[in-house]
Amino acid sequence: MDAIVKPLARDLQAEHDDSRPDRSEVESALRTIIRWTGDDPDRPGLLETPARVTRAFEEYFAGYRQDPALLLQKTFEEIEGYDEMIVLGGIPFESHCEHHLAPIIGRAWVAYVPRGRVVGISKLARVVDAYAKRLQIQEKMTAQIADTIERVLQPQGVGVIIKATHHCMTTRGVHKPGTELVTSRMLGCFRDNPVSRHEFLAVAH
Ligand code: ZN
């Protein structure tokens, strides 16, 4: 019995980061923010808010507990020599900017040209989410998605295009609703071969 329990306990310990603040510290910080706005964290409408926001943050930032490379480990090799572009387009995501913690709401187009093996298409969407659910800047997120696919699948090429609205720009600061930031990263044949590149850009238009 001991032999089974001990390794499990060690695994859990490894996952638990001692420097990570616990839930009550986060809730207390949120009470401080509510007080700072001028409101009263003890009034009935706000009493449960710190706990709710903490749970929401857990969801917004779930990506820190995922390893995007691991999501791409399982591949299929029986693809009958398929070596054309595979595109998953218009993948919706929600992220948060690392400068203001404001939402970044957008869509991603992820394409690759396989070299002998492919992944289940839902895995591409999961990689997008694993990076989106962190504190981000769009440029970095675009590069992270492309670089991870390149590194793990070693395809002939990878292309990632992201179009997103940044709430730190639409609801505050310069207040420009309707603006969209477009970023892209092209690797391998998407960078070197204008035909692949244009084919992808046409799909993502
Ligand atoms: Zn921002």
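Residues take their numbers from the sequence shown, with the count starting at 1. Atoms within a ligand are numbered from 1 in the order they appear, just like the ligands themselves. Bear in mind the structure is a predicted one, so any value in this text is a computation, not a measurement. Scope of the values below: all heavy atoms of this structure, side chains included, with no hydrogens, waters or symmetry mates.
Side-chain atoms of His166 and Gln138 include a donor-acceptor pair closer than 3.5 Å. For the residue pair Asp22 and Ser24, a side-chain donor N or O sits within less than 3.5 Å of a side-chain acceptor on the partner.
Applying the side-chain hydrogen bond (donor to acceptor under 3.5 Å, both in side chains) rule to Thr170 yields no partners; only residues at least two apart in sequence or on another chain are considered. Applying the side-chain hydrogen bond (donor to acceptor under 3.5 Å, both in side chains) criterion to Asp83, with sequence neighbours excluded, gives no partner residue. Residues satisfying the side chain to side chain contact (heavy atoms under 4.5 Å, CB included) criterion with Arg151, sequence neighbours excluded, are Ala69, Thr148.
A donor-acceptor contact shorter than 3.5 Å is absent between the side chain of Asp147 and the backbone of Glu150.
Note on the Zn ion (ligand 1): protein N, O or S atoms under 2.8 Å away count 3, no waters included.
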